[in-house]
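Just so we're on the same page: letters track the sequence lines, and every chain starts at 1.
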4 protein chains.
Amino acid sequence: MALHMRFFSDNAAPVHPRVMEAMAAANSLDTAYDGDAWSKRLDARFSELFERDVRALWVPSGTAANCLALAAICPPYGGVVCHRDAHIQNDECGAPEFYTHGAKLMLADGEGAKVTPHTVQTVLDAIAADVHRVQPYAVSITNATEYGRVYLPHEVAAIGELARSRGLKFHMDGARFANAMATAGCSPAEMTWQAGVEALSFGFIKNGGMNAEVLVFFDPDLVGATPQRRKRAGLLFSKGRYLAAQVLAMLDDDLWLANARSANANATMLAAGAGDRLIHSVEANEVFLRATPDEAAALRAKGFDFYDWAAGEIRLVTSWDQQADGVRPLAEAIAAL
Amino acid sequence: MALHMRFFSDNAAPVHPRVMEAMAAANSLDTAYDGDAWSKRLDARFSELFERDVRALWVPSGTAANCLALAAICPPYGGVVCHRDAHIQNDECGAPEFYTHGAKLMLADGEGAKVTPHTVQTVLDAIAADVHRVQPYAVSITNATEYGRVYLPHEVAAIGELARSRGLKFHMDGARFANAMATAGCSPAEMTWQAGVEALSFGFIKNGGMNAEVLVFFDPDLVGATPQRRKRAGLLFSKGRYLAAQVLAMLDDDLWLANARSANANATMLAAGAGDRLIHSVEANEVFLRATPDEAAALRAKGFDFYDWAAGEIRLVTSWDQQADGVRPLAEAIAAL
Amino acid sequence: MALHMRFFSDNAAPVHPRVMEAMAAANSLDTAYDGDAWSKRLDARFSELFERDVRALWVPSGTAANCLALAAICPPYGGVVCHRDAHIQNDECGAPEFYTHGAKLMLADGEGAKVTPHTVQTVLDAIAADVHRVQPYAVSITNATEYGRVYLPHEVAAIGELARSRGLKFHMDGARFANAMATAGCSPAEMTWQAGVEALSFGFIKNGGMNAEVLVFFDPDLVGATPQRRKRAGLLFSKGRYLAAQVLAMLDDDLWLANARSANANATMLAAGAGDRLIHSVEANEVFLRATPDEAAALRAKGFDFYDWAAGEIRLVTSWDQQADGVRPLAEAIAAL
Amino acid sequence: MALHMRFFSDNAAPVHPRVMEAMAAANSLDTAYDGDAWSKRLDARFSELFERDVRALWVPSGTAANCLALAAICPPYGGVVCHRDAHIQNDECGAPEFYTHGAKLMLADGEGAKVTPHTVQTVLDAIAADVHRVQPYAVSITNATEYGRVYLPHEVAAIGELARSRGLKFHMDGARFANAMATAGCSPAEMTWQAGVEALSFGFIKNGGMNAEVLVFFDPDLVGATPQRRKRAGLLFSKGRYLAAQVLAMLDDDLWLANARSANANATMLAAGAGDRLIHSVEANEVFLRATPDEAAALRAKGFDFYDWAAGEIRLVTSWDQQADGVRPLAEAIAAL
């Protein structure tokens, strides 16, 4: 299938040529695990990006990043507040429970998979503070969300302030962090630690990487036993340089932002003529539309591939590698429905 | 450091050019996770190699392969008999306990990190069959072993027969399966399922791959919930085709065997002049030598890099990418000590 | 505080004299763990009660009974559908997640903490059947429920039939099974295995016991590794006869039913004059009432002790040891509010 | 079987009459869980006994006490050094691994199941301090040991000093702490925290209790999440007063010491005529003897009951409830062998 016809997901898009080149360039001997020259650059490179000293560890999947983060901030007998449609709740086959040894996800509401201080507080207030009830230890949000919505820095900060005031740690699942940043237009610092975020799953795979994400701890001490947990989970690859190289290539010349901007722009184009069909405001690279089965079939008959969401709903995801010219026919087809 | 001077480990060697090419060739759009064309070929390709229907799943590290296998064959309240110097016991930061939810490793003796039916039985016979004692559920051996020794098929079969007779499952950690096979000269079938092995961690990373191993279940039913566990551990990569492509390239034209034969031959060359220094018979790509600190320093002064094992012992590991000419100087230096 | 003034909970009531006597009568030497004469009678005694061959294990708490049951019927990567107000979800500090090694509770709705086939099915239907989503393995209901409601046999059977049709195991948390049975008036068999229940946490502690419940598996094979799990959780007491003796005494002459009938009758008396204050229909030994803070204070000023439920709601629980005459003053005080 | 003929184990002995009386005296209404008057006295009563402020929690089994202690002092990715014949290694069906979520027991040698600073250090020194190897976090010893040997305070202190110097926590499994104390003749403080012990499983069940042990944390902060873990394991009984009452009765008038002295004296009597048959010096209430199968059969023919240890070895355990006159016939029979 032609790339520009596929809107099924961004998770299977090709790897960006500059990432492939960086991996090829790393193809010589170096120290194993994360002792190589590439891996050793991560802390400094991400500290520069985030304008403070951070710890940055490569991990090979978003699920791994999320769950190592959760294990670092929530004990086995604790709970993590997240949206009921969060990826950690619905799409990781219980990985949070596995990595945390049984912590409980506490589900909050919110439009577009965005929790708010109010919905988080509603969850918290229902929890009696005694030994019989799992107590909350952390809040986790996804930015951009599972419905392609973006938390702006002040929205993140409001949740961060609530978390801080309740003694909770604060994690951001940034599988599509680049898409959120492309929209928000703020600095990475403003979107994260300045808004109270303590751990970030910084995604690259959906955005042009192959199999490397970065788990960032804004307080270096918070990394704790994460290196041991990463090893213990079979995630400490012996040839770590090929992961670090991917990530470094993505940061060079802000490739990560350029890719995300492109995907976001194409999603916006798709939404432009969708009118009332739009279920969620399009703020990143995902478009959720109301479409009857017949309408969906009509689009598919033209060669477009996408995901059936709920009944009468379809999801279109744009990827870094699509050109505007390639996406335009679908935009026109949607407008013409 | 020049490749041919480095005998520290095979775990950081470069990736074979044909593997890199295969990954580049996979760099187009396909279905996510393991739904792509490359991943879907694994079952058939490994079934062909092993001359029976098998299930073959890519996993991104040897630790992951081993521990998914152990989780499939041993419950949380069970035990796995292995050598006390096994990788799963000493080098995986408790990954077996993590993946199995707390199973116990039961440590057997044996020269060169090879257990024998006798040493396994000694462990088994000491276990009272009651509810107070963790009961054994599996045996795991490493081939080639952590000391570069090789189990020949009849040795594997003897352990397999014991396992079968005691109702235990049988796993082989084949992080260096290729090196063992290069030495044994038998068929993959003879070394594994025909000898009673039910799950194999088939290693490629030390032998020219980047970050893909294959977990093979010889009884397809034994795969059980392994796909769920793989997902739950953050190991189900969204772009799985880059892992499958590595492995398929390694199998093409028996590259895996060619690489291993080369490394083994170079290890044999190193051992040739070592005489009484040899601690273990050299049967794969590892050479353990007695060497005083002065002798070790002398070798290092000539530029050779290697690992200090125990006091007065050094470990030299050859890699797929070294040429005989490059290795010869070290062989001569050892002989001259 | 006088017993008849306390309606805080049934979980701290005294132990019935006949239970104390039975424990004293067991105070001689016997075999340790569950090898003693009392423990050995459990299977037969409960098989008689349930009119089929069952396995019956003593456990020292309701949480232990529930969670050993869940561990027997749901793997670490699975889910258990239960009501969102279930004890296992809210009052066991994550014990289900601990015992199952991270299974997920999947929360269903329903009036009075009673799930229905419809609400269970709603949960099930939202679960995509793929490797990314935790899959359901079991349903667990509480009878009588956390709000003192009772599932009648045909209601249990309807859920049991749904469970069966979806391949799910079926557990009943019977911490107040006696209260449910006293109301339902059916046979234990009709309420459980004839309605599809496969594992029952049969509670005695709230009903006159000290620290013994019984976990009943209606299919003896389903007991699986429960004895190992019980040991492994520190629950296999060396002097098990004192637990078995409690339970056997409770079954003698249907003491369990007599105690429950008494408590239920007193709850009914409390509800008689409550009129519109009643939040849930009173079917067991719990009464939930609307009461303003002033009204609650007025009751407390008369010496009655009870639990503040949600804002403007109070919970009154009757116990086996209260006499009707002792309870009448509270009934009158409620009616007079 | 007459009590005085049974030397199988102390774990099934009757409950002391004063303990039964204390439980009966507690049989009135009180607050649930550990909010009752009896439970609330534990901290103060044990603080008095140990001459410092401690936290003392009832738990219903020795396994539970040990494993809650280990979970408090060792993370899932850590290790606990203990003797290879320790109860936690061999007799708890993997409970340490369950409660700690997969920590590893690291097995040290030592005569009579007593580790020494040297044997512990041998284990520690073999552990490379890197991310691949499980790192030690704690040491656990059993006093009296599984072979009836006693660590004197200076021996405990030597291990405690090693633990402290290596940054390891220090736990004592005192399932037979009373027997050790009866022999050592020191103060409880000298045997424990003054010798570096940070957590003690204080056993009462083998010594006249029914189903209550006490977990003592000498640093109150070390209790950490133990209350949550106790709840989460199904161990927070709703009628906790019956456990606390047992323990308090055992401490009254030093009943715990009187019982242990009696059992120890009887064991010494058994050993008196055993001569070369003695395998371990008798320092508590256990006697291990060499005896041929014929000799063992001869003793059994006289009505004595005991445990066959290894081949050619038998174990005799005396209990608190045996009188010297009752034990003398076995002593004479042994001497006459």
Report the distance from atom CG of C:Asp91 to atom CZ of A:Arg133, rounding to the nearest 0.5 Å. 7.0 Å

Would you compute the distance between atom CG of A:Asn90 and atom CD1 of C:Ile127 and round it to the nearest 0.5 angstrom? 9.5 Å

Report which part of A:Leu105 has an atom under 4.5 Å of a heavy atom belonging to chain C: side chain, backbone, both, or neither. side chain

Applying a strict 4.5 Å limit to non-hydrogen atoms, the region of A:Gln135 in contact with chain C is neither

Residue among C:Glu92, C:His87, C:Glu97 with most heavy-atom pairs under 4.5 Å to chain A: C:Glu97

Report the C-alpha distance between A:Gln89 and C:Lys104 in whole Å, list the side-chain angles of each, state the deciding distance to 0.1 Å, and finish with yes or no for side-chain contact (heavy atoms from CB on, under 4.5 Å). CA-CA 9 Å; A:Gln89 164 68 2; C:Lys104 191 183 280 286; 2.7 Å; yes

Which heavy atom of C:Val134 sits nearest a heavy atom of A:Cys93, and at what distance?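 Closest pair (atom of C:Val134, atom of A:Cys93, distance): CG2-C, 3.5 Å.
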
